[in-house]
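Following: one structure in structure tokens, then a few remarks.
It should be emphasised that the depicted structure is a prediction, and the values quoted were computed from it without experimental measurement.
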Amino acid sequence: MDCRQPLTVLLWLAVAAAGVCGESPLPAVEATGGDFPVLVQALDRSMRADDAGALLEPGCADVRARRIDELPPPWRKIVDRVHLDCERVGPENSGLDTIALAGTAYLKPGAMRMAGHPVAEVRLMDSELWGDHQYVLDADYASVAADLRALVESRCAQQRMREEDTGGVDCTMTVGHAGLYLPTDEISGIWIHADPDDPQRTIYAEAWAD
């Protein structure tokens, strides 16, 4: 009996075996909000002091984007790369001599979902005067708004039950021309709206301003 097999058959068998024996893809991480990663790493020189010993405010040279291996689980498995922008905000604009950071984590395709919809990016904008943390969903607003609203309102109601809060904020999101909004305290809130830079994407944002 001739046990030889054509090369094409052997290659097909090898591919099939690899598919069976190889690792299956990890299930997508489900984002729920309030669970953003830290994308910025402070450098050692960020604790500089002046001649009098007073600590100096950190500058853009004192921070960098985190490497993938510096991210906590599960982010190190689902982030493809991290980009960081930094600019100085002078006292003439804000009353403070500080910096504003904008970090973006580009996620691996299919690695994260929110309310059942794919998340493409995480954007974190921070300064001493404001913060805006976003999930960017790879779907248009009309197709995801109802699901995201249900997630936000359900999470709000569950938190109120845990805290036995009977006189807190109403968990019903407000519908406006720009999207959906839920205040979480006097200076913070949750927004759901179309991405102004890409109408085929939707932004879930947790933001505050002083």
Side-chain angles (χ1 to χ4, degrees), residues 25-40 66 68 70-80 82 101-210:
L26 294 174
V29 174
E30 191 70 24
T32 60
D35 49 357
F36 297 95
V38 176
L39 301 179
V40 179
R66 272 187 155 186
I68 300 300
E70 293 174 326
L71 298 174
W75 295 102
R76 67 184 62 176
K77 291 185 178 294
I78 67 177
V79 173
D80 182 62
V82 178
L101 302 171
T104 303
Y106 298 92
L107 307 185
K108 297 176 182 178
M112 173 169 274
R113 301 180 73 83
M114 188 172 199
H117 301 282
V119 179
E121 300 175 12
V122 176
R123 300 174 183 167
L124 307 181
M125 285 76 77
D126 287 296
S127 77
E128 293 291 337
L129 297 174
W130 71 84
D132 190 354
H133 296 178
Q134 303 178 354
Y135 284 117
V136 182
L137 283 77
D138 198 12
D140 66 275
Y141 177 80
S143 64
V144 303
D147 292 335
L148 290 177
R149 178 177 184 172
L151 173 67
V152 170
E153 292 181 348
S154 174
R155 190 183 66 187
C156 173
Q158 291 172 9
Q159 181 177 353
R160 288 184 60 184
M161 289 179 60
R162 288 194 302 270
E163 297 174 353
E164 298 183 356
D165 180 7
T166 59
V169 298
D170 183 1
C171 288
T172 303
M173 300 196 79
T174 300
V175 180
H177 70 280
L180 297 163
Y181 172 66
L182 178 69
T184 53
D185 58 38
E186 294 181 354
I187 63 172
S188 308
I190 296 174
W191 282 261
I192 299 170
H193 58 83
D195 187 340
D197 298 322
D198 185 347
Q200 297 305 310
R201 289 184 166 186
T202 303
I203 289 177
Y204 164 94
E206 297 178 12
W208 68 273
D210 194 356

To check you understand the geometry: which heavy-atom pair defines the closest contact between Gly131 and Asp126, and what is its length?
CA-OD1, 3.8 Å

Less than 4.0 Å between a side-chain N and a carboxylate O, is that true for Arg201 and Asp140?
no

One pair to check against side chain to side chain contact (heavy atoms under 4.5 Å, CB included): Lys108 and Ile78. What are the steps and the verdict?
CA-CA 6 Å; Lys108 297 176 182 178; Ile78 67 177; 5.6 Å; no

Any idea which heavy atoms bring Ala207 and Asp132 closest together, and the distance?
CB-OD1, 3.8 Å

Quick one: does Gln134's side chain get under 4.5 Å of Met125's, heavy atoms only?
yes

Is the backbone N or O of Gly34 less than 3.5 Å from a side-chain atom of Glu206, with the two atoms forming a donor-acceptor pair by type?
yes

Heavy-atom side-chain proximity of Asp195 to Arg123 below 4.5 angstrom
yes

Do Tyr135 and Leu107 have side-chain heavy atoms sitting under 4.5 Å apart?
no

Nearest heavy-atom approach of Trp75 to Asp35 is CZ2-O, 3.2 Å

In Å, rounded to the nearest 0.5 Å, how long is the span from CD1 of Ile192 to CE of Met114?
7.5 Å

Where is the tightest heavy-atom contact between Leu180 and Ala145, given as atom of each residue plus distance?
CD1-O, 3.9 Å

Find out whether Pro109 and Asp138 are in side-chain contact, i.e. whether some heavy atom of one side chain is under 4.5 Å from a heavy atom of the other.
no

Reported CZ-to-CG distance for the pair Arg149 and Asp147, which is rounded to 0.5 angstrom:
12.5 Å

How about Leu71 and Arg66: do any of their side-chain heavy atoms sit closer than 4.5 Å?
yes

Is it the case that the side chain of Thr202 and the backbone of Leu137 share a donor-acceptor pair, with hydrogens and angles ignored and the cut-off at 3.5 Å?
no

Using 0.5 Å steps for rounding, measure from the CD atom of Gln200 to the OH atom of Tyr141.
15.0 Å

Answer yes or no: is there a side-chain heavy-atom contact under 4.5 Å between Val152 and Tyr204?
yes

Distance, nearest 0.5 Å, that separates NE2 of His117 from OG of Ser143:
6.0 Å

Looking only at heavy atoms, what is the nearest atom pair of Ser188 and Tyr181, with distance?
O-OH, 3.8 Å

Classify the ring geometry between His133 and Phe36 as parallel (under 30°), tilted (30 to 60°) or perpendicular (over 60°).
perpendicular

Is there side-chain contact between Glu153 and Leu182, with at least one heavy-atom pair below 4.5 Å?
no

Looking only at heavy atoms, the pair that brings Ala28 and Gly110 closest together is CB-O, 3.4 Å

Can you find a heavy atom in the side chain of Arg155 that is under 4.5 Å from one in the side chain of Ile190?
yes

